Amino acid sequence: MEQKDLDYFKNLLTQWLDELLGKAGNTVVGLISSEDHLSDPLDRAVFDSERSYTLRIRDRESVLIKKINASLEDIEDGVYGICDDCGTGISIERLKARPVAGRCIQCKTRQEQRERSTGVR
Ligand SMILES: [Zn+2]
């Protein structure tokens, strides 16, 4: 991969990470401040279901944050855009669509087929 492409993805990933971390921060503040005045059981139930929804989203975000960090490390190590499984380069088009992709499209497809047939995720 050329240096200008690496710079492009580094910027993209860094901005994405900043956005996610900014949003994650707000969610925590929201959780703490809204918990103070909840004595009504109904409010409490609504709050709990909203909170579990928020936490589910945050779970997904934290997975994404880990992937972004791993991709940024790969850029530093000079192995970004190389498939984890077969070691060939992942196409720029695929990385633009999914900058945290760790596998080339062939290996990804194979992995998904394996998961579907075994039921393991
Ligand atoms: Zn591969």
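Only heavy atoms go into these numbers, but all of them, side chains included; no hydrogens, no water, no symmetry mates. A quick note: this is a predicted structure, and the numbers were derived from the prediction, not measured. Order of appearance sets the numbers: ligands from 1, and atoms from 1 within every ligand.
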*Which pair of heavy atoms, one from Ile90 and one from Gly102, lies closest together, and at what distance?*
CD1-C, 3.8 Å
_Value rounded to 0.5 Å, distance of CZ in Phe9 from CD1 in Ile92_ = 5.0 Å
*Tell me, please, whether Tyr80 has Lys10 positioned over its six-membered ring: NZ or CZ under 6.0 Å from the ring centre and within 45 degrees of its axis?*
no
*asked:* Can a donor-acceptor pair be found, under 3.5 Å and without considering hydrogens, that links the side chain of Arg94 to the backbone of Gly81?
replied: no
_Whether the Gln3 and Asp7 side chains hold a donor-acceptor pair (N or O, under 3.5 Å, no angle test) is what I'd like checked._
yes
*asked:* Suppose the cut-off is 2.8 Å; which protein N/O/S atoms would you list for the Zn ion (ligand 1)?
replied: Cys83 SG, Cys86 SG, Cys104 SG, Cys107 SG
*Start with the C-alpha gap between Glu112 and Thr109, add the side-chain angles, then the distance that decides, and say whether side-chain contact (heavy atoms from CB on, under 4.5 Å) holds.*
CA-CA 5 Å; Glu112 278 170 2; Thr109 308; 5.5 Å; no
